[in-house]
Amino acid sequence: MSQQWQSHNKVADFTESLLFFNNDTNFEKSGSPVWFDKGKNGAHAIGILTYATADSYNIGTRINESTFDLFQYWISDPK
């Protein structure tokens, strides 16, 4: 049986390329989106879970301009 889980919390800190948060997650969830809920405007992905740890913050790659441009390249690549 497949299940989809979610966890709610706030981003504790961030840099230009990383997000740090305490959401309940584990190592098997890498690649999952990190969402910001904009209420009536819907949820927007702001990062990708890249590293989960039990000792400290979980870490996500922040979707900034260069990350977004890379997504666009992958989508448009005919290979």
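Quick note: residue numbers are just sequence positions, from 1.
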### Query
Just wondering, more than 12 heavy atoms not from Glu65 lying within 6.0 Å of its CD?
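Atom CD in Glu65 is not packed in, count stays at 12 or less.
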### Message
When you compare the side chain of Ile48 with that of Phe71, does any pair of heavy atoms fall below 4.5 Å?
### Response
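Answer yes - side chains close enough.
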### Task
Identify, with sequence neighbours excluded, every residue that meets side chain to side chain contact (heavy atoms under 4.5 Å, CB included) alongside Ala43.
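Checked Ala43 against side chain to side chain contact (heavy atoms under 4.5 Å, CB included); matches are Trp35.
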#### Entry: For Leu18, side chain to side chain contact (heavy atoms under 4.5 Å, CB included) partners two or more places apart
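For Leu18, the residues satisfying side chain to side chain contact (heavy atoms under 4.5 Å, CB included) (neighbours in sequence not counted) are Thr15, Phe20, Ile59.
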What are the two closest heavy atoms between [X] and [Y], and how far apart are they?
| X | Y | answer |
| --- | --- | --- |
| Gly60 | Phe21 | N-CE2, 3.7 Å |
| Glu16 | Arg62 | O-CD, 3.6 Å |
| Leu19 | Val11 | CD2-CG1, 4.2 Å |

#### Entry: Results of side-chain hydrogen bond (donor to acceptor under 3.5 Å, both in side chains) for Thr67 - residues two or more places apart only
Asn64
